[in-house]
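Notes to accompany the following structure.
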Amino acid sequence: MIVEDMSVIEQSLRAPGIYEMTLYGESVNMMTTPGQFLHIKVEEGISPLLRRPISICDVNLEKKELSIIYRVEGKGTTLLSRKKSGDMVNVLGPLGKGFPIHDEDEGKTALLIGGGVGIPPLYYLAKKLVEAGINVETVLGFRTAHDIFLEEEFALLGNLHISTEDGSKGTKGFVTTILEQSSFRYDTFYSCGPLPMLRAVEATTVTPGYVSLEERMGCGVGACLACVCDTVHAKEESKDYRKVCSDGPVFRAGEVVL
Amino acid sequence: MIVEDMSVIEQSLRAPGIYEMTLYGESVNMMTTPGQFLHIKVEEGISPLLRRPISICDVNLEKKELSIIYRVEGKGTTLLSRKKSGDMVNVLGPLGKGFPIHDEDEGKTALLIGGGVGIPPLYYLAKKLVEAGINVETVLGFRTAHDIFLEEEFALLGNLHISTEDGSKGTKGFVTTILEQSSFRYDTFYSCGPLPMLRAVEATTVTPGYVSLEERMGCGVGACLACVCDTVHAKEESKDYRKVCSDGPVFRAGEVVL
Amino acid sequence: MTALNVQLPGLMLKNPVMPASGCFGFGQEYSQFYDLNELGAITVKAVTVEPRRGNPTPRVAETDGGMLNAIGLQNPGLDHIMNHELPWLEAYDIPVIVNVAGNTIEDYMAVTKRVSQAKNVSAVELNISCPNVKIGGIQFGSDPNIAAELTRKVVAVSKVPVYVKLSPNVADIVSMAKAVEAAGADGLSMINTLVGMKIDVKTGKPVIANKTGGLSGPAIKPVAIRMIYQVSQAVSIPIIGMGGIQTADDILEFLMAGASAVAVGTANFIDPYACPKLIKSLTQRMEELNICDVTDIIGRSWKTCNSIPS
Amino acid sequence: MTALNVQLPGLMLKNPVMPASGCFGFGQEYSQFYDLNELGAITVKAVTVEPRRGNPTPRVAETDGGMLNAIGLQNPGLDHIMNHELPWLEAYDIPVIVNVAGNTIEDYMAVTKRVSQAKNVSAVELNISCPNVKIGGIQFGSDPNIAAELTRKVVAVSKVPVYVKLSPNVADIVSMAKAVEAAGADGLSMINTLVGMKIDVKTGKPVIANKTGGLSGPAIKPVAIRMIYQVSQAVSIPIIGMGGIQTADDILEFLMAGASAVAVGTANFIDPYACPKLIKSLTQRMEELNICDVTDIIGRSWKTCNSIPS
Ligand SMILES: Cc1cc2nc3c(=O)[nH]c(=O)nc-3n(C[C@H](O)[C@H](O)[C@H](O)COP(=O)(O)OP(=O)(O)OC[C@H]3O[C@@H](n4cnc5c(N)ncnc54)[C@H](O)[C@@H]3O)c2cc1C
Ligand SMILES: Cc1cc2nc3c(=O)[nH]c(=O)nc-3n(C[C@H](O)[C@H](O)[C@H](O)COP(=O)(O)OP(=O)(O)OC[C@H]3O[C@@H](n4cnc5c(N)ncnc54)[C@H](O)[C@@H]3O)c2cc1C
Ligand SMILES: Cc1cc2nc3c(=O)[nH]c(=O)nc-3n(C[C@H](O)[C@H](O)[C@H](O)COP(=O)(O)O)c2cc1C
Ligand SMILES: Cc1cc2nc3c(=O)[nH]c(=O)nc-3n(C[C@H](O)[C@H](O)[C@H](O)COP(=O)(O)O)c2cc1C
Ligand code: FES
Ligand code: FES
């Protein structure tokens, strides 16, 4: 992980409030593990003061380019969305431990379950899994048909199932509606999305799998202890915790309390 | 006075660290008195938090354009100097009471004495004086020949005398060196520059005149009492003070304590 | 319809937004920009018995996200204010709150007695927290017993409700608040500025002539919110909240922390239209968040029963 | 040649810049970015006798020009730190300052006694100012008598110099400082965070699970400068200054206010290279300003004799 001023190659609107940004820089070389994230200083100076964690969505090692997909939430992401081609953003990354890919799984099937802005890191994962000869089955949840992004991209990599809360596209309901209705065969699952979704996914799945968490962060590198979560074995006054930024954001399902 | 987002028409470097910026906007209509100033919010948001006072240097009423000339000092002026054509800056103005021009002075002579970034407001004044048929004699002080700006512009309006501290151009020394050496004939003087200069000018001149002051400002409109100076008659516990922002920045020579 | 009106002791506010003392003079300057009748109320600059010259300049300095000031209570004195500033404000139909300062308890009593008789003064605000004067001010603001005594004596001579403006430069703001409540204060204003300093590294000297100054602006908002959150749970008199308000969301934050109305200080300097703009965007923001009535959200952050109004 | 070295009780600092406690873990994380030997010293996270889980999340929130944290002194406990973290730091040749916390005076004594025997610990820093724990911490930090008693007892069992870290959440920082000086403190660290809060207007609830948190970052710098300016004139023990340092000019401001060295907290989160970059730009800035030796400017803002060194 390094700190680098990366240049914005392009920025585009993927869905209402959802932007995709392509960045160029040397640190892309290090971004070979899917599920890692960047800690972005959106503007120089004190406003906003802290970095913003955003997952790596895709990487082009040859072109030294990466892409992120993010939703405009508050001050930081609003300012990020105004960046134009040629602007610079200061990036600390890649951070965290990403999704493990087991080479011995060649020929087996992975189930990817993503919701909202938890979906982006699953895309680079899907590509890497396919590269490793692992079949990818993907279930993505959105609020409505309008909010859908990365649909074509995922569809190229394997079976794609989409849920929308209002039923405007795909299955009406949540990703777990799809999980419950269909009986997928898979060997490992990988999931990223809002906490209630992750909880429901852990409750629905049986095989081993991985979940990627979000937590408010300070440093992003494991020093400040802002982003901890308990392991399932943690007892009162124990030190059995994990840091989302440096031990995660990806954990084995069942390892930490969701 | 109003608040307006004015657009930057152009920006150029006039001397090392000295920029000229041309702004366009409706509020230019109100800028008919030389010596007034703008209170500029350089960036949206909290950094920098406060506005920055900068004098109006020239006005083109027809084109609704004004110009300012400023020196890069700290955060605010640094950010200002990075603005490009098409950018917007939020301007509160015109503020303050400017230099009075007495129509009955037609045919008489005004002596303008300026130092450093106190020079810009004198330029619009000089133009207005000439318009009113008043002869203009100008004495400008700079540190070195490199720092000189507005030389040609002033030269077109009347006699121009320049001093530099190192003697690299014009008279070696200060504006007061010129005032002491030459015996100017003039009916009114107008001066703007650093406080020691204004003090020296007041000590050297005999006729009535006007001085323009600088003081740290909060509101710029007379409400916060940040920018007060005492009148020469002020006594302890008295309320005899003036606000540089709204009673000034121009005062009759001898009215306030320098 | 979004209800913005709030009723506080002596103050029928059509909206909860007023300028903060010292940041709005006596109203004249900002009346050049908009009709002061748009305001919920107006708090004028501190009034002392005698005219005050205040501190030497420079009196202000900018800091990250805030500013320091050491005006030093400059004001034309009680007589002048009774004869000029207050009558000028009679043209407006808004509650006037007079900020009162002094060196001694008697000073506070003298100013309050007279200004509270002015026909357009709705409340006084005791400035027991000015960090920029040597005598009075800050001492009254950091000792609960002295603050209580001052409050009691001033309340006794006041014809209008008395608000006490608390200093944040204390270890235990709750006991200050309780002490002045017990002494008869009708309401609280909080917070005044935090004592701060800035040094010019080129000269090695403090930027402000008075050396220390009061820190205001967005930088201090978290401290204000915390103190209002704590105090509003411990007292039953209302709080006028202030400290760093710049946006409608900031106002909502103050109300949710437990303030019943808010005052806007530094923001006026940044935008002379700050107050009317805030009032307008407050309505808009309340609509977006489905808040029908400002009074519904006062103290929402700590009230256990927080039914979202519909 | 610009002299950056400063000598403080127990601490031979080759430069006056160290990370602040709680913002640098026990050094491992930032050692991935640069050689910790570049630092003047290292202050590690607070150590308590027993392991602590700290507060629930969210533990941080951003504010204008600052951040709130309520980590709650999470740490693996004295044993673990003696056996793992401190030995790991032995690989580096820099003074280690251990930040000590606890619920009782005995806790502070127990931790100090043991860590001060570790071969690479040069000083302890008593955290009597943590705003984020229910017991201990803040009480010790706001009562001069309790602070003095704690200091006295800890000094008695410590093998290394004892620095006391003062809380800014007090009315009178000078009496706190004098009390701990009289009780035998070898130095002071100031300031810890200001207690603050942020409310999410969408939910109406505090953003931080612990509700209140400690405000750090540029927003608090003026308060830190003011307190150091006041305290450094009133005591004769040295001060390690902190609170909002982001630039070399900030460091100079702290030194001129009266600090003898500085600690950098929040800035590490914004840029992991903050400390080494600051050390580098400090030299550069001193050259620009013709300051040859950092020790020349300590307290320059108030020292009457300020001959500019040449
Ligand atoms: C490991 C990780 C990966 C992420 N990847 C993505 C992604 O690929 N796309 C995407 O749209 N979002 C992602 N997020 C969420 C993203 O970090 C927040 O939406 C963003 O920080 C909001 O910043 P803001 O300034 O716009 O909002 P504000 O609400 O103004 O932010 C205020 C503060 O809260 C923090 N914050 C707010 N929401 C979150 C959140 N959900 N998680 C953590 N911190 C938060 C901010 O970082 C900031 O410090 C990720 C979060 C984490 C922890
Ligand atoms: C009425 C008036 C007219 C002015 N006209 C001009 C002009 O035409 N050209 C020009 O170059 N400069 C002019 N100045 C000075 C100019 O305002 C300052 O140089 C500028 O504010 C510095 O801002 P900064 O952020 O770059 O510096 P910083 O030092 O970072 O500013 C910090 C704070 O100090 C204030 N400040 C710093 N220097 C001054 C100063 N000399 N006077 C008032 N406030 C100051 C800033 O406004 C700000 O609030 C004028 C000042 C006044 C009062
Ligand atoms: C320039 C200035 C002058 C002030 N004068 C007074 C005053 O006379 N009386 C008073 O009670 N508070 C005074 N204050 C404090 C404000 O009323 C307010 O409490 C404080 O600034 C915090 O609010 P803000 O962050 O919105 O400015 C003054 C503040 C500023 C900035
Ligand atoms: C996340 C975080 C954790 C902290 N933990 C501690 C701690 O354990 N002990 C302590 O004395 N101070 C702690 N502090 C306070 C800092 O050491 C420092 O005093 C304060 O943050 C001000 O400096 P800054 O503005 O540079 O961050 C912590 C601060 C932060 C932001
Ligand atoms: S964000 Fe600092 S430890 Fe994870
Ligand atoms: S700057 Fe506010 S009164 Fe002049």
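Chain identifiers are assigned alphabetically (A, B, ...) following the order of the sequence lines, protein sequences preceding nucleic acid strands; residue numbering begins at 1 within each chain. Heavy atoms only: backbone and side chains are in, while hydrogens, waters and symmetry mates are out. Everything quoted here is computed from the prediction, not taken from an experiment.
For the atom pair Lys211(C) NZ and Tyr229(D) OH, the distance stands at 4.5 Å (nearest 0.5 Å). Distance check: Lys202(D) NZ to Leu252(C) CG gives 12.0 Å after rounding to the nearest 0.5 Å. Atom CH2 of residue Trp302(D) and atom CE of residue Met197(C) lie 12.0 Å apart, to the nearest 0.5 angstrom. Put simply, CG on Asp64(C) and OG1 on Thr247(D) are 8.5 Å apart, with the number rounded to the nearest 0.5 Å.
Nearest heavy atom pair, residue Arg300(C) against residue Thr203(D), reads CD-O, 4.5 Å. Residues Lys303(D) and Lys205(C) approach most closely at O-NZ, 3.6 Å, considering heavy atoms. Minimum interatomic distance between Ala219(C) and Leu215(D) (heavy atoms only, all atoms of both residues): O-CD2, 3.8 Å. Closest approach of Val201(C) to Met256(D), counting heavy atoms only: O-CE, 3.3 Å. Nearest heavy atoms, Pro206(D) versus Ser301(C): CD-O, 4.0 Å.
The only member of Asp250(C), Asp249(C), Ile225(C), Ile228(C) that meets side chain to side chain contact (heavy atoms under 4.5 Å, CB included) when paired with Ile199(D) is Ile225(C).
The backbone N or O of Thr212(C) lies less than 3.5 Å from no partner atom in the side chain of Arg226(D), so there is not a single donor-acceptor pair.
Between chain D and the residues Pro218(C), Gly65(C), Pro168(C), Ala61(C), the largest count of heavy-atom pairs under 4.5 Å involves Pro218(C).
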